[in-house]
Trainee: 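Let me give you the structure first, and then I'll get to my questions.
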Amino acid sequence: MTAETAHLSSAFLRDIVARGQFHQCTDLGGLDRAAAAGVTGYIGFDMTAPSLHVGNLTQIMLLRRLQQAGGKPIVLLGGGTTRVGDPSGKEEMRQLLSEEQIAKNTASIRTTFEKFLSFGSGRSDAVLVDNAEWLLPLNYLDFLRTVGRHMSVNRMLTMDSVKLRLEREQPMSFIEFNYMILQAYDFVELHRRYGCKLQMGGSDQWGNIVNGVELGRRMDQVELYGLTQPLITTASGAKMGKTAQGAVWLNADMLGPYEYWQYWRNAEDADVGRFLRIFTDLPLDEVARLAALQGAEVNDAKKVLATEATALLHGREEALKAEAAARATFEHGARSEDLPTVAVSRAAFAQGLRVANALALTKLVASNGEGKRAIASKAVSVNDKPVAEETATLTDADVIDGAIKLSFGKKKHALLRLE
């Protein structure tokens, strides 16, 4: 806690500072007073994929902290802005999605928020809104006259999302340049419709958020606030939500509870305390105790992190099942029906299935070639027995109770079930 944040009165700001979720604010004193009275705040999420990923979870947890402190969170779905594409942090233009794909993504994503927020009509109940509601009906000339005249191109050119592209001589389309205007206008509309006075986001959104604060002042003479949290990376500098196997999705049909549990269990030692503060609801004194563990005991803290984070997304029952499956596999060398399972027909199996191909089929590796390299490095086993040959093929002798256990290293396991 810095001298600037030492005298905060609102539970919301005190909590996010203590949990390492505070980076910058447009008016800390003003927001502190508003938050103490129960401020309404929002974060926007564009519909660029069928699921959000762990990188988005930092934003969802910020909304959760707001609600826990008595504020009212607004989840803004970008059904309109997704048609444009946010250039922030991008070296090239995002692929434009069809209206049909955006609609499918929206339907797929919206249920995720119900795991972390309480929705309803109460004072602090969350609200889910789609900016397509006001952006799609806009008349372009009217929008230029009423909104565009308040936006300074000189100022827009200083924003990181634009400046970095220009400095690298990477093209930025006119449609992308308009994104920050639409995001700023979202803030104005949310204030008019819901009394929303706070926009939150990652530190890379600072320029866009400030634009919204200033537009509200110019158009409606209202005092709005902006707040950002640090961009979260792992101790080794990797981006949150990305692994060698791909994105860590929040939708269970794209990444099951067991794999999600394993993601957190495999956190780097240096990240455990920070991740416990941000991604769980554990009391801070308990987080401090776990973060202080050393040596082999760090694994105990990692298991708590994995179980608590998984419980928030998938429920306590699924989290405990994932923990039990991991314990059975890692600590006792046993098979578990709660391992990720992929079905293969007996007819296809009878034609011959190489271990390298089976590893790719169960997504333990990304490709057949990677499977061969894993075998060559002596990192693969079938039913806990090492595989020596890159061309090894699974046989009926490997089938136990209708399934085969595949392992890549000590921490990645899956079942191949014959049907």
Side-chain angles (χ1 to χ4, degrees), residues 25-26 31 34 39-48 52 56 59-60 62-63 66 71-90 94 96-97 99 102-103 105-106 109-110 113 117 126-140 142-152 155-156 159-162 175-229:
C25 181
T26 56
L31 177 57
V39 71
T40 298
Y42 90 96
I43 298 177
F45 301 84
D46 279 346
M47 309 290 100
T48 55
L52 298 175
N56 303 117
Q59 312 303 325
I60 299 175
L62 203 54
L63 291 171
L66 180 66
K72 187 178 186 68
I74 296 178
V75 175
L76 181 65
L77 301 181
T81 44
T82 304
R83 288 165 164 79
V84 175
D86 185 358
S88 300
K90 296 296 177 183
R94 290 179 185 268
L96 294 181
L97 302 179
E99 293 186 15
I102 293 172
N105 290 349
T106 301
I109 284 171
R110 60 192 304 145
F113 299 101
L117 302 170
V127 177
L128 189 143
V129 188
D130 191 331
N131 62 17
E133 182 180 337
W134 55 82
L135 293 182
L136 296 190
L138 285 175
N139 177 287
Y140 185 60
D142 288 344
F143 184 72
L144 289 179
R145 286 174 60 85
T146 58
V147 178
R149 66 190 181 93
H150 295 291
M151 304 296 293
S152 166
R155 179 71 182 274
M156 292 166 71
M159 301 300 175
D160 284 344
S161 60
V162 177
I175 191 173
E176 291 177 285
F177 192 64
N178 275 268
Y179 187 93
M180 66 180 75
I181 304 177
L182 298 177
Q183 183 171 335
Y185 183 65
D186 281 343
F187 201 176
V188 173
E189 279 291 333
L190 287 171
H191 177 263
R192 291 173 176 175
R193 295 170 183 238
Y194 299 96
C196 180
K197 301 194 74 173
L198 170 64
Q199 181 182 177
M200 300 178 288
S203 58
D204 61 333
Q205 291 293 315
W206 177 250
N208 291 339
I209 291 173
V210 170
N211 274 336
V213 171
E214 293 179 348
L215 186 63
R217 186 183 305 121
R218 290 169 182 155
M219 290 187 70
D220 293 348
Q221 295 75 53
V222 294
E223 187 63 34
L224 304 178
Y225 306 101
L227 181 150
T228 62
Q229 65 176 351

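We're numbering straight along the sequence, starting at 1. Just the heavy atoms: all of them, side chains too, but no hydrogens, waters or symmetry mates, feed the values below.
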Trainee: Does the side-chain contact (heavy atoms from CB on, under 4.5 Å) test come out yes or no for Tyr225 and Ile209, once each step is laid out?
Mentor: CA-CA 9 Å; Tyr225 306 101; Ile209 291 173; over 6 Å; no
Trainee: Can you see whether Gln199 engages Gln205 through a side-chain donor-acceptor pair at a distance of less than 3.5 angstrom?
Mentor: no
Trainee: If we ignore hydrogens and angles and just use 3.5 Å, is the side chain of Asp220 paired with the main-chain N or O of Val222 as donor and acceptor?
Mentor: no
Trainee: Can you tell me if Asp130 uses its side chain to pair, donor with acceptor, with the backbone of Gly79 under 3.5 Å?
Mentor: yes
Trainee: Please examine the side chains of Ile74 and Val129, heavy atoms only from C-beta on, and report whether any two atoms are closer than 4.5 Å.
Mentor: yes
Trainee: Nearest 0.5 Å, please: how far is OG1 in Thr106 from CD in Glu99?
Mentor: 11.5 Å
Trainee: Looking at every non-hydrogen atom in both residues, tell me the closest pair between Ile43 and Gln59 and how far apart they are.
Mentor: CD1-O, 3.3 Å
Trainee: Side chains of Leu198 and Leu224: closer than 4.5 Å at any heavy-atom pair?
Mentor: no
Trainee: Examine the side chains of Asp46 and Tyr179 and answer whether a donor and an acceptor come within less than 3.5 Å of each other.
Mentor: yes
Trainee: Using a 4.5 Å cut-off on heavy atoms from C-beta on, say whether the side chain of Arg83 contacts that of Leu136.
Mentor: yes
Trainee: Leu144 and Asp142: side-chain contact (heavy atoms from CB on, under 4.5 Å), yes or no, with the steps?
Mentor: CA-CA 5 Å; Leu144 289 179; Asp142 288 344; over 6 Å; no
Trainee: After noting the C-alpha distance and the side-chain angles of Tyr42 and Leu63, does the key distance pass the side-chain contact (heavy atoms from CB on, under 4.5 Å) rule?
Mentor: CA-CA 7 Å; Tyr42 90 96; Leu63 291 171; 5.7 Å; no
Trainee: Got a sec, which residues hit ring-ring contact (aromatic ring centres under 6.0 Å, His included) with Tyr194, two or more places apart in sequence or on another chain?
Mentor: none
Trainee: Report the distance from atom CG of Leu135 to atom CZ of Phe143, rounding to the nearest 0.5 Å.
Mentor: 7.0 Å
Trainee: Rounded to the nearest 0.5 Å, what's the gap from CZ on Phe45 to CG on Leu76? Could you check?
Mentor: 9.0 Å
Trainee: So, for Ala132 and Pro137, which heavy atoms are closest and what is the spacing to 0.1 Å?
Mentor: O-CD, 3.7 Å
Trainee: For the side chain of Asn211 and the backbone of Ala184, is there at least one donor-acceptor N/O pair under 3.5 Å apart?
Mentor: no
Trainee: Is any side-chain heavy atom of Val147 less than 4.5 Å from a side-chain heavy atom of Leu215?
Mentor: yes
Trainee: Is the shortest side-chain heavy-atom distance between Val127 and Thr40 below 4.5 Å?
Mentor: no
Trainee: Give a yes or no answer on whether the side chain of Thr26 reaches the backbone of Gly226 with a donor-acceptor pair at less than 3.5 Å.
Mentor: yes
Trainee: Side chains of Leu66 and Val39: does their closest heavy-atom pair fall under 4.5 Å?
Mentor: yes
Trainee: Check whether any side-chain N or O of Asn208 sits under 3.5 Å from a backbone N or O of Met180 as a donor-acceptor pair, and report yes or no.
Mentor: no
Trainee: For salt bridge (charged side-chain N to carboxylate O under 4.0 Å, His left out), just list the numbers for Glu189 and Arg192, CA-CA rounded to whole Å, side-chain angles, deciding distance to a tenth of an Å, and then say yes or no.
Mentor: CA-CA 5 Å; Glu189 279 291 333; Arg192 291 173 176 175; 3.8 Å; yes
Trainee: Can you tell me how far the SG atom of Cys25 sits from the CG atom of Leu31, to the nearest 0.5 Å?
Mentor: 4.5 Å
Trainee: Checking side-chain contact (heavy atoms from CB on, under 4.5 Å) for the pair Lys197/His191: CA distance, chi angles, key distance, verdict?
Mentor: CA-CA 6 Å; Lys197 301 194 74 173; His191 177 263; 4.1 Å; yes
Trainee: Should the heavy atoms of other residues, nucleotides or ligands under 6.0 Å from CD of Glu223 be counted, would the total exceed 12?
Mentor: yes
Trainee: Heavy atoms only: give me the nearest Met47-Ile109 pair and the separation to one decimal.
Mentor: SD-CD1, 4.0 Å
Trainee: Roughly how far, to the nearest 0.5 Å, is CG of Asn131 from CG of Asp186?
Mentor: 4.5 Å
